[in-house]
Number of protein chains: 2
Amino acid sequence: MSRLSNPVEQADTRARILHAAVDIFASRSFESATLKEITEAAGANIAAVNYYFRSKDELIRQVMADLFGRVNRARNVALLAYEKAVADGKKPGLEPLLDALIRPMVHLGTEMPQGAANISLLMQARVSPSVPDDLSSSEDDVIHERFIAALARILPHLTRKEIIWRYNCARGAMIFVLAELSPNIHQIVRLADTQRKADEDTVVRELIVFTTQGFLAGSAGTTLAQ
Amino acid sequence: MSRLSNPVEQADTRARILHAAVDIFASRSFESATLKEITEAAGANIAAVNYYFRSKDELIRQVMADLFGRVNRARNVALLAYEKAVADGKKPGLEPLLDALIRPMVHLGTEMPQGAANISLLMQARVSPSVPDDLSSSEDDVIHERFIAALARILPHLTRKEIIWRYNCARGAMIFVLAELSPNIHQIVRLADTQRKADEDTVVRELIVFTTQGFLAGSAGTTLAQ
DNA sequence: GTCTATAACACGATAGAC
DNA sequence: GTCTATCGTGTTATAGAC
């Protein structure tokens, strides 16, 4: 696509391939996207993929590792701030904690111009056989355990199992809402006026309103009041 | 896999292919699953796919149409009962309405032995280029509009936009929770003791508890109390 | 309806010149 | 580091016998 006359574009073939791969993988799926498409979009030769990455699978792995890494780093920073506030004796409450969970993902999903592609890749990662199981580092798991622990501190009347149910509810709401905002993704149902564009703050706010109340519900056995 | 000696198995090659396709597509993705794998698992010949369906794409389309059809029919039945109760002057409230939305999907996702595969397919359908955009009939859209309308009746203080935000939150919670129960699907994060098996009623109950409270939250501008 | 055989094609990967 | 040319493999789809 882009000519190589521009020295800036020429600068780093590896980075250009990585960047193009996000878009192509997102719109055509890991398996049906070809290295030819990706390298053409990157203004590179198909052999460059095997030079910089070892194989198509390694390219996929690198793309996803970058994505997970970005979310995890941002969540870690936000969570550290939250945990520090707790250690300092402040009572930060549920919303800032959920903000630490939600905002990094929403940021990834609403940034221009690749937000929609990012979400498509995250959804694919859950079902594609091209994405290895061991991609998520143990570091990821630690962060989620820290979220669970922080939630358990605020919601002592809920069991760990109940917290995990709701944690998954919250994560699902997050990814699904972002998916609906992404034109990349098949909107199975087209409502008359679903918004397909929204800024980070709006999305975060709507998600926090919904999930905060969800977490505050009583135990599943109990009825609503509590 | 299964020998053809059994006349029951021999009965309907088309149905056997359709059944095997669900499993294979779910575990290996639409694109990387091959017709050879599917027909072997179905105890059929590869040419049978092109005889009963026109092509691989048409097979995919048929698999997904069956899935969507099942959910929509079940939701329609439940929604009709709800709408009748409303027409009769009863005030059914939020939980039975959300039950009509959630239970059909949870039923699909927890049935044995293909529940996990069903969810994997539904997730793939949102990102795979093999699934045509026009698969969802206008009938689907009508059902969702009926849910939105029923929700708006119960929650008159929320705008249509706010209802849609939360409707998507609820649907996301639903699909994500079901995905976490499915061993088919890459669990990006492995929590120590996430339950990977749960009966329909338990899953429905946890989802309804969370989403009911989510819908009952005040407008996003407002703070929590209301 | 079911099978074998094969056509027609596209892919990922690599060797080797530059 | 980048490119061309090519190898080997696996795919869908189909023609035609049974």
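Numbers restart at 1 for each chain; the letters A, B, ... are given by sequence-line order, proteins then strands. Every heavy atom of this structure was used, including side-chain atoms; hydrogens, water molecules and symmetry mates were not.
Comparing C/dC11, C/dC3, C/dA15 by their nearest atom to the side chain of B/Ala47 picks out C/dC3. Nearest nucleotide to the B/Asn50 side chain, out of D/dT11, C/dT2, D/dA13: D/dA13.
Taking atom CG of B/Leu35 as the reference point, atom C1' of C/dT6 lies 16 Å away to the nearest angstrom. C/dC11 atom P lies 16 Å from atom CG of A/Asp57, rounded to whole Å. Taking atom CG of residue B/Leu59 and atom C1' of nucleotide D/dT11, one finds them 15 Å apart after rounding to whole Å. One can place CD1 of A/Ile38 at 15 Å from C1' of C/dA10, the figure rounded to the nearest angstrom. The separation between B/Asp12 atom CG and C/dG1 atom C1' is 12 Å, rounded to whole Å. Nucleotide D/dG10 holds its P atom 12 Å from the CD atom of B/Glu37, rounded to whole Å. As rounded to whole Å, 16 Å separates atom C1' of C/dT6 from atom NZ of B/Lys36. Between A/Glu31 atom CD and D/dT11 atom P the separation is 13 Å, expressed in whole Å.
Both B/Tyr52 and A/Phe30 sit near DNA chain C, but only B/Tyr52 has its closest nucleotide nearer the 5' end.
Side-chain atoms of B/Thr34 come within 3.5 Å of backbone atoms of B/Glu37 as a donor-acceptor pair (strictly under, hydrogens ignored). A/Thr202 places no side-chain N or O within 3.5 Å of a backbone atom of A/Ala198 that could act as its donor or acceptor partner.
Between A/Asp134 and A/Arg61, at least one side-chain N (NZ, or NE/NH1/NH2) sits under 4.0 Å from a carboxylate O, which counts as a salt bridge. A salt bridge links B/Glu180 with A/Arg126: the closest approach of a Lys/Arg side-chain nitrogen to an acidic carboxylate oxygen falls below 4.0 angstrom.
Between C/dA10 and A/Thr34, no contact under 4.0 Å exists linking OP1 or OP2 to a side-chain N or O. In terms of phosphate contacts, B/Ser55 brings no side-chain nitrogen or oxygen within less than 4.0 Å of OP1 or OP2 of D/dT12. In this model, the phosphate group of D/dT2 is not approached by any side-chain N or O of A/Asn45 to a distance below 4.0 Å at OP1 or OP2. Not one side-chain nitrogen or oxygen of A/Tyr51 sits closer than 4.0 Å to the OP1 or OP2 atom of D/dC3.
Shortest non-hydrogen contact noted between A/Ser27 and A/Asn184 is N-ND2, 4.3 Å.
Among the atoms of the strands shown, none is found under 4.0 Å from any heavy atom of B/Ala48.
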